[in-house]
Each structure stands twice: as C-alpha cells, then as structure tokens.
Peer 1: 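The structure is given below, and queries will be raised subsequently.
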Amino acid sequence: MSEETVKNVFVVGLDEANLPTLQAVPGARSMRIHGLLTVEELQDGEVSVPEVLEKAQRELDAFEGSIDAIVGYWDFPVSTLVPILGERYGTRTTSLESVVKCEHKYWSRLEQREVTDCHPRFGRVDLRGDPPRPPDGVRFPMWLKPALSYSSELAFGVGDEEEFHKAVTEIREGISRVGRPFERILDRIDLPPEMDGVGGRVCLAEEECAGIQVAVEGYVHQGEVTVYGTLDSIDYPDSACFLRHQYPSTLPPQVIGRIHDVTERVMRRIGFDSATFSVEYFYDPSSGRINLLEINPRHSQSHAELFQYVDGVPNHHPMLALALGSDPTMPHRQGPYAMAAKWYYRWFTDGEVRRVPSPETIARIERETPGVRIHVLPEPGRRLSDLSQQDSYSYEVAHIFTGGDDEEELREKYDHCVAALGLTIDEPEAGARR
C-alpha cells in the first residue's frame, strides 16, 4: 500500500486499552493511528484548556505528513478539542456548539424540552445560596450534579433537605476542577439569552427517574440520524452503580422504537452532524414512561468489545469512517456471540490495593476463557480514594468483558474471572470515606 493511500488519523487521548479495537475496524490497514496528548494530560487534576490545546497544535504543526482525521472517544476536554482542532486543520467534525449543547447538562435540558417531554423535571441550584434550596417544582428524591461531569463524579442522589445540603457542600468544593476549564470553552461560543450568566460551574437538580436504564449509540451523517445499537445498563442490587452494560437490549422492540424516535428528534434539534453519540435513558415498565438521562457527544469506547463480540466490528468504526468521509454503516449480528457484557468489578469501601494480577496472569485467563477481556485499573500500593474519575459511591477496580450465548454464560465467565484475578485490597481504616 502506497503512502498516498494511507490516512493519518490522530486520536486525542489514545490509550493502550483501545488500540486493539481501533485496529480491528474495517479498513484499518489503510490508516495510520497517531496518539495526540495522553489520557493523563487530559484527565488528571484541573486541566488547562489553553495549554493542552497549544500542545496539541504544536504536535500537529510539527507533523510532516497529511492530517486526515482528528477523533476522540473521551468526555471533556477531548470532546471539545476535536471540533476546535478540526476547524483549524480542516478535518471533518461536528460543531463545537453542538458538542457543548450535549455536555452542558442545563443547556442540554433546555434544548431537549423544545422537542420532547421525555425528561425529568429539572432546575438550577444556586450554589451561593445561604442556605441553598432545591429549585421550585423539583421534588425529592432528586439527583444533584454539576453542569459538566463524567463517570458520575460529584453526582448525588438525595432524598431530603439534609442530604441535599450535604451534597451541595461536596459539589461546591469540587465543581471547579472541571467547571472552570469548561468556561474557557463557553467563551468560544455565542450563547443564547437563556444561557447568559449560567457558566460552567452551575449545579443541576433533576427528579429521580425510575425503571430500566438503557443507552443507545448512533451517529449523524449528512443530517441523517442513525441508531446502530441499544444496550441495557444493570445496577448492583440496591445501588445506583453500574454492574454491567449488556448488548443487545432485552427491551420490547416497540419501546426501543420510541427511544430511537426521541433520540432522532433531539440530535437534530442540537444540530449534531458528522460524529458519533450515545444517549442514556430510563424506561419505566409500570408507567411506560421514557426519560432521557443525558447525551454524550461521542460513542462509548467502553462498549467497543461488546459490538465486536455481537456485530463483528467495534463501535470505533463509524467514528473513524465519518472522520475520513467513508461509509459509517455498522454490520448487524455478524459477530461470534449472541450477547456481550461489560462488567464493573467495584469496591464499595476505601482501602489500599495490596495485590493485582500480572499481565501474564491476565493473558492466561483470557486465553483459557474464550470471549473474555480484562482491564485491571489500580496498581499495587494505590489507595482507592486516590483513583480519579470515580462515582460518589464506589471504586472501579476492574472492567471485565464477556461474550456468550445467553446471560447465564455471561455471568459464569464474569464470576470465573473475578475469582481467577485474585485482587487483594486491605480493609479501610476507621472513618474512611464510603
């Protein structure tokens, strides 16, 4: 293959875990994948948007070949860097404004209500209030969350005034880590009157949604919205923390059709195009009600193996295809398994990681158990509370992907992997968080 036919694709925040699935997409041989900025530079601490943007531009300006695509599959700031860099270097991407309309939870709700009533009651919380109060018309139980957050960081379910005030205190203390850099992005956009003075350090309150949590993944190409997959999200018992994402969804086809219809209307309203997305919902079987939870202006990299197991191609395919101007169509049910799941092995108290399996042990488990892939997250000696991007109630210690013929096989493989990993975590000291 000549150099002229090879396309240079820059992945903002390229990580080792996603490299195998990126290299498994159709046409991968005609692409040369380049990393642009590290995950640590983009997610640790309070990120300086001007600094990471300047560094990315220096790397791209120094590159001697063609810059054919710039893509990313992480949340802020990656999601916003991709359209900013795309505009500068002439690569295909959706607009920065459409990305922010997805990620700013308050602005996103304002857009959603223009085309659907499939969302909970919501309102802004004045973090400077003394005392802060729930918004008018929003009832307990509710969720409090910053306008921008990821991995459920600083998101709290509250059932009364006391829990409300405790959550607001924690949000006040931590909201600037992401909110302040996000305001740098808001400065680049002409905001509508309803967003005047809102900023990036705002807290949103939403009434709690009930039912089955489900996510759809899709893309917009030349204004046409395509949903290519629907997944179920199952929590740990008596918890709001994910136990697993399972593909394909087991919801009735007519319910999935309704969810797809809401997705199409909302993504058109937002003006999204030439990019992938994922949208999360709740479906309540007792009432038949659908509630949109949040919109992510990128596909979920954590689902790549699931689509590869079931459909035969990782969901990175439409992201890369759209960026390169080729056909983003996903194959359907051409993979080796009928079902697949991503499991979150969690720890619900703090502690110090004493023992983790070696890469050789993980490779052996994967080799001996077909349809399994494992990522262990903490390192030996690491305190769980020092891990970044954790939700407010637990710590992720491993991600385990399983493919199988039915749910029973998925669970058997997961249980086997948990036992075989031999992760050891010391008990927390008295008074430790969570």
Peer 1: For the pair E280 (side chain) and L293 (backbone), establish whether a donor and an acceptor sit closer than 3.5 Å, ignoring hydrogens and angles.
Peer 2: no
Peer 1: Tell me every residue that passes salt bridge (charged side-chain N to carboxylate O under 4.0 Å, His left out) with D386, counting only those two or more places apart in sequence or in another chain.
Peer 2: none
Peer 1: Quick one: ring-ring contact (aromatic ring centres under 6.0 Å, His included) partners of Y281, sequence neighbours excluded?
Peer 2: none
Peer 1: Can you tell me which residue pairs pass the salt bridge (charged side-chain N to carboxylate O under 4.0 Å, His left out) test with a partner in residues 299-309, sequence neighbours excluded?
Peer 2: E305-R373
Peer 1: Using 4.0 Å as the upper bound for N to carboxylate O, is an ion pair formed by E162 and K166?
Peer 2: no
Peer 1: Can you list everything that forms a side-chain contact (heavy atoms from CB on, under 4.5 Å) with V313? Sequence neighbours excluded, please.
Peer 2: P26, H317, M330, P331
Peer 1: By salt bridge (charged side-chain N to carboxylate O under 4.0 Å, His left out), which residues pair with R92, not counting sequence neighbours?
Peer 2: none
Peer 1: Can you spot which of E208, E153, E206 makes a salt bridge (charged side-chain N to carboxylate O under 4.0 Å, His left out) with K145?
Peer 2: E206
Peer 1: Any idea how F348 and Y236 line up, ring-wise: parallel (<30°), tilted (30 to 60°), or perpendicular (>60°)?
Peer 2: perpendicular
Peer 1: Does a side-chain N-to-carboxylate-O contact under 4.0 Å join R269 and E111?
Peer 2: yes
Peer 1: At what distance, to the nearest 0.5 angstrom, does CG of L37 lie from CG of L85?
Peer 2: 8.0 Å
Peer 1: So H332 and Y228, ring pair (Phe, Tyr, Trp, His ring centres under 6.0 Å) or not? Walk me through it.
Peer 2: CA-CA 8 Å; H332 186 71; Y228 57 75; over 10 Å; no
Peer 1: Can you tell me how far OH of Y106 sits from CZ of R124, rounded to the nearest 0.5 angstrom?
Peer 2: 5.0 Å
Peer 1: Kindly indicate whether a cation-pi arrangement holds for R289 with Y283, taking the cut-offs as under 6.0 Å to the six-membered ring centre and within 45° of the axis.
Peer 2: no
Peer 1: For W343, give me all partners under ring-ring contact (aromatic ring centres under 6.0 Å, His included), at least two apart in sequence or on another chain.
Peer 2: Y414
Peer 1: Going by an N to O cut-off under 4.0 Å, is there a salt bridge joining K101 and E97?
Peer 2: yes
Peer 1: Can any side-chain N or O of T276 pair as donor or acceptor with the backbone N or O of H299 at less than 3.5 Å?
Peer 2: yes
Peer 1: Could you check whether any side-chain N or O of H104 sits under 3.5 Å from a backbone N or O of W107, counting only pairs where one atom can act as donor and the other as acceptor?
Peer 2: yes
Peer 1: So, Y247 and D232: side-chain donor and acceptor under 3.5 Å apart, yes or no?
Peer 2: no
